[in-house]
Every structure is written in C-alpha cells, then in structure tokens.
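Since this is a predicted model, take the numbers as computed values, not measurements.
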Amino acid sequence: MSADRADVGIVIIGGGQGGFQLAASLREAGFAGRVTLVGEEPGLPYQRPPLSKAYMKGEAGIEQIELRPAAFYADHSIELVNARAVAIDRAARRVALEGGTSLPYEHLVLATGARNRPLPVPGRELAGVFYLRTRDDADLLKAQMGVPRRIVVVGAGFIGLEFAAVARALGHEVTVIEAAARPLARAVSPEMSAFFTAAHEAMGARLVLGAGVVGLHGDGRVTAVETTDGALHPADFVLVGIGVVPNVELAAQAGLDIANGIAVDARLATNDPAISAFGDAVSYPSRFAGAMVRLESVQNAVDQARTLAHRLAGKADAPFEAVPWFWSDQADLKLQIVGLAGPEDVAVLRGDPASRRFSVFRFREGVLTAIESVNRPADHMLGRRLLAGTPTLTPEQAGDEGFELKSLLGR
C-alpha cells in the first residue's frame with residue numbers, strides 16, 4: 001500500500017462467504033490497514049449451503065448459519081457496509097454506492113458472486129414461482145411448506161435435488177423436471193446420475209428427464225408447468241433451479257476484462273493492478289481444467305480468499321492452485337466430488353451402489369482427474385491429497401477394493 005493512502009485500505013464488494021473469508025483472512029495474515037466489507041443483503045454474512053437443507057427444515061436458525069456474531073467484526077476492525085455498489089472510478093480509486101455515497105480504496109476486491117438464472121418462459125412472473133439463493137428466498141419458501149403441496153422443481157442440479165429431498169421428507173408431492181437426459185449432468189458421471197435418479201425415485205419423487213419447460217400456467221398464481229412434450233404438471237408452487245449468472249456488470253462497466261466471468265490471472269488479479277477478484281463471478285486459469293474455468297463452489301471461493309489475503313497482506317505471492325472440491329447433502333446421501341472431470345473421462349466404480357456407499361473414479365488417458373463419492377468420505381479425503389500432487393493411481397487399482405489406496409500417499 002502507498003503511504004499516502006494506507007488509511008484507505010482494502011474494500012471488498014460482496015458480503016457472501018468468500019467476502020467474509022477474505023476479510024477474516026486478511027486479519028489472520030496480519031494486515032493492519034482498513035478493511036471494509038460491502039454487502040447488499042441486510043444483517044451479518046451467512047452460509048448459503050444450509051438454506052436448501054438444515055435451514056429449510058427448521059433444523060438451523062439464522063444464528064446457526066451466520067458465519068460469525070457481530071462482535072467478531074468489531075473485535076477485528078472489519079467495517080460492514082450494507083449497500084449496493086453501482087460504479088467503480090478506477091482513476092480516482094473510488095466505489096460509488098447506491099444512495100449517492102462512495103468509498104475510497106487502495107485496493108479493491110470484487111467478490112460479487114452470482115445470481116439465479118431466470119426461467120425464460122411465459123408465466124414466469126406468476127405468484128408461486130420461487131428461487132433459492134438468499135436467506136429471504138429461503139424464508140419465502142419455508143412459508144409455503146406448512147401444509148402438503150404439489151411442488152414442481154425445475155432443474156435437477158444440486159439445489160433442485162437438495163430441495164426435492166427436503167420437500168419429500170416433509171411429505172410434499174414432488175416432480176423434478178430436467179431438460180438434460182440425466183440429473184447433475186454438468187457435475188457427475190452418468191453412473192452417479194443413474195444412482196441419484198434411482199435414489200430420488202425411491203424417496204417418492206417423480207423425475208421427468210429430457211424435457212424442457214415451455215411455459216407456466218395459472219390465473220395470477222401458478223397452477224401447472226408445461227413441458228416440451230406437451231404434458232402439464234400440476235403445481236401449487238414451483239422452485240426454479242436452472243443455474244446461475246455471474247455478477248460481472250460492475251466489473252464490465254469499469255472496463256475490466258470479462259470472459260465467462262471476471263477474468264483474472266493465477267494470482268487472482270484483474271487487468272487493473274489495484275483490483276482483484278475471486279469466487280463464483282471469476283474465471284481463472286486452472287491446472288485441473290487445463291484452461292480458464294469458472295467454478296460455482298463455496299470451497300473454491302474460500303480457498304481463493306485465503307490465497308488472495310496472503311498476497312494482499314504481503315505474506316506470499318503464490319498462484320492459486322487449490323484442489324477443487326464440492327459437496328451436496330440429499331437426504332441421507334452425502335455426495336462429495338474432488339477434481340474436475342470431462343464428459344469423456346472414463347468412470348471406474350469402487351464399491352457397490354446398492355450399499356449406498358461407493359465411489360466413481362474418473363480417468364483421462366489413464367490419469368486420475370476426479371473422484372465422486374457417496375457416503376465414503378475416506379475416498380474423498382484421499383482424493384484431495386492425491387490430486388494435490390501427481391496421482392499415480394491406475395484405473396485397475398481404483399476398481400480393485402483389495403488395493404490399499406493409502407499406499408499411494410507414501411510414494
């Protein structure tokens with residue numbers, strides 16, 4: 001930091017888990033300058049993953065999902081600003097906030113995240129159509145869950161299936177509609193998709209695969225969802241979970257490079273040396289993808305925040321190379337994924353899916369690229385260690401339950 005602006009410090013735009021982690025990690029790394037965390041949502045920063053699970057079921061309240069109590073921010077001199085950032089003046093190094101105020105910065109960090117992708121069909125504005133990303137979204141949904149309902153979930157990704165599992169456990173009738181031929185198609189192998197199809201059908205959900213939504217019907221409030229095959233699926237309410245859109249508008253208006261997200265280098269720096277970015281809104285060079293990639297993952301955002309904090313605090317200037325991993329809890333099934341597989345990667349089964357404890361190891365030209373595990377956390381943790389280096393596991397070893405995977409760690 002330059003001496004004449006040292007009191008200005010670091011401004012972080014985005015009050016999600018990534019923004020919080022950067023602020024906390026800056027203090028952990030010994031950064032003594034001013035830290036300002038700007039978030040649009042009122043209240044304290046909180047975890048989003050429980051919204052579709054424990055929070056939705058009433059097993060966790062707001063205090064349980066808040067990342068830290070209010071005293072933490074005061075104790076660590078982290079200033080919380082509840083406002084929406086509307087413009088960046090790069091020359092003056094100021095961020096304009098809605099309402100006419102602005103904040104000066106020595107270094108600006110964009111952790112702007114992503115927003116729900118809207119359903120682009122007629123009827124999307126009807127009452128009874130919901131999305132799930134924020135605490136307010138979850139509160140609106142919870143208010144609908146008190147009596148048995150006919151629920152249509154549009155999208156069989158993580159959010160859609162997590163919510164479907166909760167809704168079935170609460171006694172609702174659930175239909176899941178997915179345009180792709182299988183659920184979780186972007187995230188897992190066909191073998192894992194088949195397992196989750198069977199699992200959700202066994203829970204009592206109805207899955208309609210390979211059918212897109214062409215319209216929502218109702219008179220003021222949604223009553224049915226029409227699919228591409230002409231079928232009408234009755235609905236008392238609809239949850240839409242068809243992916244997200246990265247929040248790049250602020251960066252784009254400021255002239256920062258955009259390429260499937262805010263483009264950053266391996267150090268998470270933008271094309272402006274005074275601005276960095278990370279999290280769901282960012283595309284970065286990944287050795288695991290072999291290309292620029294944008295990942296929608298809490299853990300990716302948290303790991304990037306820690307790496308960036310060390311650079312901004314002057315502790316280290318290493319590239320971001322953390323192993324990507326993901327998880328999803330659906331009823332009693334914990335899906336954990338480590339690594340990044342491609343659609344053509346070979347799948348090798350380890351364990352019996354009928355036991356509800358198994359893994360799928362993915363390989364590209366004989367080299368391990370990812371592991372998908374259900375209720376086998378040891379496979380997942382080992383995979384994180386293997387993929388952090390140069391994995392030597394072969395497909396034959398992966399498929400042989402008699403082979404001791406831990407033996408590879410000492411090589």
In a table with atom names and distances, give each donor-acceptor pair under 3.5 Å that connects a side chain of residues 266-276 to protein atoms at least two apart or in another chain.
from: Arg267; atom 1: NE; to: Asp317; atom 2: OD1; distance (Å): 2.8
from: Arg267; atom 1: NE; to: Asp317; atom 2: OD2; distance (Å): 3.2
from: Arg267; atom 1: NH2; to: Asp317; atom 2: OD1; distance (Å): 3.4
from: Thr270; atom 1: OG1; to: Asp272; atom 2: N; distance (Å): 3.1
from: Thr270; atom 1: OG1; to: Asp272; atom 2: O; distance (Å): 3.1
from: Thr270; atom 1: OG1; to: Ile275; atom 2: O; distance (Å): 2.8
from: Asn271; atom 1: OD1; to: Asp257; atom 2: N; distance (Å): 2.9
from: Asp272; atom 1: OD1; to: Ala274; atom 2: N; distance (Å): 2.8
from: Asp272; atom 1: OD2; to: Arg90; atom 2: NE; distance (Å): 2.7
from: Ser276; atom 1: OG; to: His107; atom 2: NE2; distance (Å): 2.8
from: Ser276; atom 1: OG; to: Arg311; atom 2: NH2; distance (Å): 2.7

Do the non-hydrogen side-chain atoms of [X] and [Y] ever get within less than 4.5 Å of each other?
X      : Y      : answer
Arg34  : Thr36  : yes
Asp345 : Phe361 : no
Phe278 : Val264 : no
Leu108 : Ile88  : yes
Ile242 : Pro120 : yes
Glu79  : Val35  : no
Pro104 : Arg93  : no
Pro183 : Val176 : no

To check you understand the geometry: which heavy-atom pair defines the closest contact between [X] and [Y], and what is its length?
X      : Y      : answer
Ala281 : Val248 : O-CG1, 4.0 Å
Arg182 : Pro190 : NH1-N, 3.5 Å
Pro395 : Gly366 : CD-O, 4.1 Å
Phe288 : Ala322 : CE1-O, 3.5 Å

Once ring pair (Phe, Tyr, Trp, His ring centres under 6.0 Å) is applied, do any residues pair with Tyr284, and if so which ones, sequence neighbours excluded?
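With sequence neighbours excluded, Tyr284 shows a ring pair (Phe, Tyr, Trp, His ring centres under 6.0 Å) to Phe320, given in chain and number order.
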
So His76 and Arg68, side-chain hydrogen bond (donor to acceptor under 3.5 Å, both in side chains) or not? Walk me through it.
CA-CA 11 Å; His76 292 80; Arg68 293 293 189 278; over 6 Å; no

If we ignore hydrogens and angles and just use 3.5 Å, is the side chain of [X] paired with the main-chain N or O of [Y] as donor and acceptor?
X      : Y      : value
Glu178 : Ala180 : yes
Arg384 : Met381 : no
Thr228 : Gly212 : yes
Thr112 : Asn247 : yes
Gln397 : Thr394 : yes
Gln64  : Gly61  : yes
Glu106 : Ile10  : no
Glu372 : Ile337 : no
Thr101 : Leu97  : no
Lys53  : Ser328 : no

With distance as the sole criterion, is a donor-acceptor pair present between the side chains of [X] and [Y] under 3.5 Å?
X      : Y      : answer
Asp137 : Thr134 : yes
Arg362 : Thr369 : no
Gln330 : His200 : yes
Tyr46  : Glu41  : yes
Asp379 : Ser359 : yes

Flag yes if more than 12 heavy atoms outside Arg385 fall under 6.0 Å of its CZ atom; otherwise flag no.
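Counting other residues, nucleotides and ligands, CZ of Arg385 stays at 12 neighbours or fewer.
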
Looking at Lys142, I'd like to know if its NZ atom is crowded, meaning that more than 12 non-hydrogen atoms belonging to other residues, nucleotides or ligands lie closer than 6.0 Å.
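Counting neighbours around NZ of Lys142, more than 12 heavy atoms of other residues, nucleotides or ligands fall under 6.0 Å, so yes.
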
Please walk me through it: do Val153 and Phe163 pass side chain to side chain contact (heavy atoms under 4.5 Å, CB included)?
CA-CA 8 Å; Val153 177; Phe163 178 78; 3.9 Å; yes

Go through it in stages, so that I can follow the logic: the residues are Arg356 and Asn375, the test is side-chain hydrogen bond (donor to acceptor under 3.5 Å, both in side chains), and I'd like the CA-CA distance, side-chain angles, deciding distance and then a yes or no.
CA-CA 7 Å; Arg356 299 167 76 84; Asn375 295 341; over 6 Å; no

Gln336 vs Arg376, test: side chain to side chain contact (heavy atoms under 4.5 Å, CB included). Steps then yes/no.
CA-CA 8 Å; Gln336 294 172 290; Arg376 281 181 68 141; over 6 Å; no

Set out, in order, the CA-CA distance, both residues' side-chain angles and the distance that settles side chain to side chain contact (heavy atoms under 4.5 Å, CB included) for Leu141 and Met56, then state yes or no.
CA-CA 8 Å; Leu141 267 174; Met56 186 63 58; 3.8 Å; yes

Apply side chain to side chain contact (heavy atoms under 4.5 Å, CB included) to the pair Ile62 and Arg135, showing each step before the final yes or no.
CA-CA 9 Å; Ile62 184 58; Arg135 187 179 61 214; 3.0 Å; yes

Are Arg149 and Phe237 in a cation-pi contact, defined as NZ or CZ under 6.0 Å from the six-membered ring centre and within 45° of the axis?
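No; the conditions do not both hold, so Arg149 does not lie above the ring face of Phe237.
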
Take Arg221 and Asp236 through the test salt bridge (charged side-chain N to carboxylate O under 4.0 Å, His left out) and record every step on the way to the result.
CA-CA 8 Å; Arg221 183 177 179 88; Asp236 295 313; over 6 Å; no

Quick one: sort the Phe72 and Phe20 rings into parallel, tilted or perpendicular, breaks at 30° and 60°.
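Aromatic pair Phe72/Phe20 classed tilted.
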
Passing option when Asp280 is tested against Arg133, Arg294, Arg48 for salt bridge (Lys or Arg N to Asp or Glu O under 4.0 Å):
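Answer to the salt bridge (Lys or Arg N to Asp or Glu O under 4.0 Å) test with Asp280 among Arg133, Arg294, Arg48: Arg133.
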
Could you give me the CA-CA distance, side-chain angles and deciding distance for Glu59 and Lys57, then say whether salt bridge (charged side-chain N to carboxylate O under 4.0 Å, His left out) is met?
CA-CA 5 Å; Glu59 297 173 355; Lys57 290 187 286 186; 3.7 Å; yes

From OH (Tyr131) to CZ (Arg117), nearest 0.5 Å:
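Those atoms lie 11.0 Å apart.
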
